[in-house]
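What follows is a set of notes on a single structure, which appears directly below.
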Amino acid sequence: MRPAFYDRPVVEVARELIGCVVSRDGCAGVIVESEAYHHSEPACHAFVGLTERTRVLFGPPGRAYVYRSYGIHACLNAVCEPPGVGAAVLIRALEPVEGVDLMRARRGLERVQDLCSGPGKLTQALGIWLEDNGCDLAAGPIVIERKPRRWRAPQVAASKRVGITKATELEWRFCAVGSRCLSRPAFSRA
DNA sequence: CATGGGATTGACT
DNA sequence: GTCAATCCCATGC
């Protein structure tokens, strides 16, 4: 989508990204899990302010923020809200729809539900790495597009974010109810 | 300049 | 259930 889609409150964008499609170089998947992060709360990388690492987070909406996690993995975010506001949606899980065999080769696994069911897994499956940091999500190489018809109105559950130690009370995680490709089961409903 | 800690995953007890 | 891998960044001395 165009930058205007992302130029809104990050929690709103996180919810609406459920059902949208992420693609890169022939591999694609439907977003089934997302989380919102905002510079006003300490779980967000942008909480520390503008640094070299957070430059993209504070930049224009509609760009990819890709960072290294635990020294090993890459995680993909969509930057939201106007320039000067550090906010992004972490893409946590996809349901594979295209390029499944290439994803299997990259992951070294067979089962479709194991290919993209986690933030580090989906970047490996799609070939996303740190070089993609800052790329325009409308122009690529990583592209996010509107929902396919069958995903028009997925039932979405809200719950607490996963894997963080600060601001754990916020229910800023969103899941497509019933998907078998979530990183963890969805709990509460919204 | 040294150090600690991750928005995780997969292998192992 | 526990735990190591691995490295960049932010913090503190």
Side-chain angles (χ1 to χ4, degrees), chain A residues 6 9-15 17-18 20 22 29 31-59 61 63-81 85-96 103-135 137 142 144 157-176 179-188:
Chain A
Y6 305 93
V10 65
V11 175
E12 195 177 313
V13 178
R15 175 183 289 270
L17 278 174
I18 300 297
C20 294
V22 180
I31 300 173
V32 292
E33 183 178 342
S34 67
E35 285 178 358
Y37 288 87
H38 187 271
H39 74 242
S40 61
E41 44 89 12
C44 183
H45 290 175
F47 185 71
V48 298
L50 181 59
T51 65
E52 181 56 29
R53 184 194 196 193
T54 61
R55 192 180 74 252
V56 173
L57 275 174
F58 282 98
R63 306 281 182 86
Y65 167 55
V66 182
Y67 70 93
R68 185 193 304 277
S69 173
Y70 289 90
I72 304 170
H73 308 288
C75 290
L76 170 66
N77 297 252
V79 175
C80 294
E81 308 208 18
V85 179
V89 175
L90 171 67
I91 310 300
R92 284 194 57 90
L94 308 176
E95 200 165 300
M103 292 185 189
R104 285 190 172 113
R106 285 174 172 150
R107 296 272 299 127
L109 294 167
E110 287 301 311
R111 303 189 330 165
V112 171
Q113 63 267 39
D114 294 333
L115 298 177
C116 298
S117 53
K121 297 178 184 179
L122 70 92
T123 54
Q124 185 184 18
L126 268 60
I128 293 169
W129 195 233
L130 304 183
E131 290 77 20
D132 291 318
N133 190 37
C135 103
L137 291 171
I142 305 168
I144 301 183
S159 56
K160 294 178 179 178
R161 295 178 293 181
V162 173
I164 55 171
T165 58
K166 301 165 202 159
T168 54
E169 72 286 354
L170 298 173
E171 299 210 331
W172 284 4
R173 175 184 180 228
F174 300 97
C175 296
S179 173
R180 286 167 296 178
C181 296
L182 301 176
S183 69
R184 313 185 62 119
F187 293 117
S188 63

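Here the structure is a predicted model, which means the values were calculated and not measured. We name chains A, B, ... by the order of the sequence lines, and we start the count at 1 in each one.
In this structure, the side chain of A/Arg63 does not engage the main chain of A/Val79 through any donor-acceptor pair within 3.5 Å. Judged by distance alone, the side chain of A/Thr123 and the main-chain N or O of A/Ala74 form a donor-acceptor pair under 3.5 Å. A/Glu81 places a side-chain N or O within 3.5 Å of a backbone atom of A/Val10 that can act as its donor or acceptor partner. Checking side-chain atoms of A/Arg161 against main-chain N and O of A/Ala167 turns up a donor-acceptor pair under 3.5 Å. In terms of modelled atom types and a separation under 3.5 Å, the side chain of A/Thr54 and the main chain of A/Gly49 share a donor-acceptor contact. A donor-acceptor distance shorter than 3.5 angstrom exists from the side chain of A/Ser34 to the backbone of A/Ala14, with no hydrogens or angles considered.
Considering all non-hydrogen atoms of both residues, A/Ser179 and A/Val32 come closest at OG-CG1, 3.6 Å. The two residues A/Leu90 and A/Pro119 come nearest to each other via the heavy atoms CD1-CB, 4.4 Å. Scanning both residues, A/Gly120 and A/His73, for their nearest heavy atoms gives CA-CB, 4.2 Å.
Taken residue by residue, residues 43-55 of chain A places heavy atoms nearer than 4.0 Å to DNA chain B at A/Ala43, A/His45. A heavy atom lying under 4.0 Å from DNA chain B marks the following residues of residues 109-131 of chain A, by number: A/Gly118, A/Pro119, A/Gly120, A/Lys121. Within a heavy-atom distance below 4.0 Å of DNA chain B, the residues of residues 64-77 of chain A found are A/Tyr67, A/Ser69, A/Tyr70, A/Gly71, A/His73, A/Asn77.
Side-chain atoms of A/Gln124 and A/Arg106 form no donor-acceptor pair, as typed in the model, at a separation below 3.5 Å.
When each of A/Tyr67, A/Tyr65, A/Tyr37 is paired with A/His45, the side-chain hydrogen bond (donor to acceptor under 3.5 Å, both in side chains) condition holds for A/Tyr65 and for no other. Of the residues listed (A/Arg15, A/Glu41, A/Glu35), the one engaging A/Trp172 in a side-chain contact (heavy atoms from CB on, under 4.5 Å) is A/Glu41, and it is the only one.
Nucleotides C/dT6 and B/dA2 are separated by 22 Å at their P atoms, to the nearest Å. Nucleotides C/dG1 and B/dA7 are separated by 23 Å at their C1' atoms, to the nearest Å.
When DNA chain C is scanned 5' to 3' for any atom under 4.0 Å from a heavy atom of chain A, the first and last hits are C/dA5 to C/dT11. For DNA chain B, the outermost nucleotides in 5' to 3' order that have an atom under 4.0 Å from a heavy atom of chain A are B/dG6 to B/dG10.
Counting any heavy atom pair closer than 4.0 Å across all strands shown, A/Arg184 reaches no nucleic acid atom. Across all strands, A/Arg92 comes closer than 4.0 Å only to sugar-phosphate atoms, never to a base (heavy-atom distances).
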Go through the steps for A/Glu33 and A/Arg173 under the test salt bridge (Lys or Arg N to Asp or Glu O under 4.0 Å), then give the verdict. CA-CA 7 Å; A/Glu33 183 178 342; A/Arg173 175 184 180 228; 3.0 Å; yes
If you apply the rule side-chain contact (heavy atoms from CB on, under 4.5 Å), what do you find for A/Tyr6 with A/Leu137, and how did you get there? CA-CA 10 Å; A/Tyr6 305 93; A/Leu137 291 171; 4.1 Å; yes
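For the pair A/Leu170 and A/Val11, the minimum side-chain heavy-atom distance is 4.5 Å or more. Side-chain contact between A/Leu130 and A/Arg68 is present, with heavy atoms from C-beta onward closer than 4.5 Å. By the 4.5 Å heavy-atom criterion applied to side chains, A/Pro96 and A/Cys181 are counted as neighbours.
With the 3.5 Å cutoff on both pairing distances, Watson-Crick and G-U pairs in DNA chain B assemble into runs of at least 3 at B:1-6 with C:7-12, B:8-12 with C:1-5.
For the atom pair NZ (A/Lys121) and OG (A/Ser183), the distance works out to 8.0 Å, reported to the nearest 0.5 Å.
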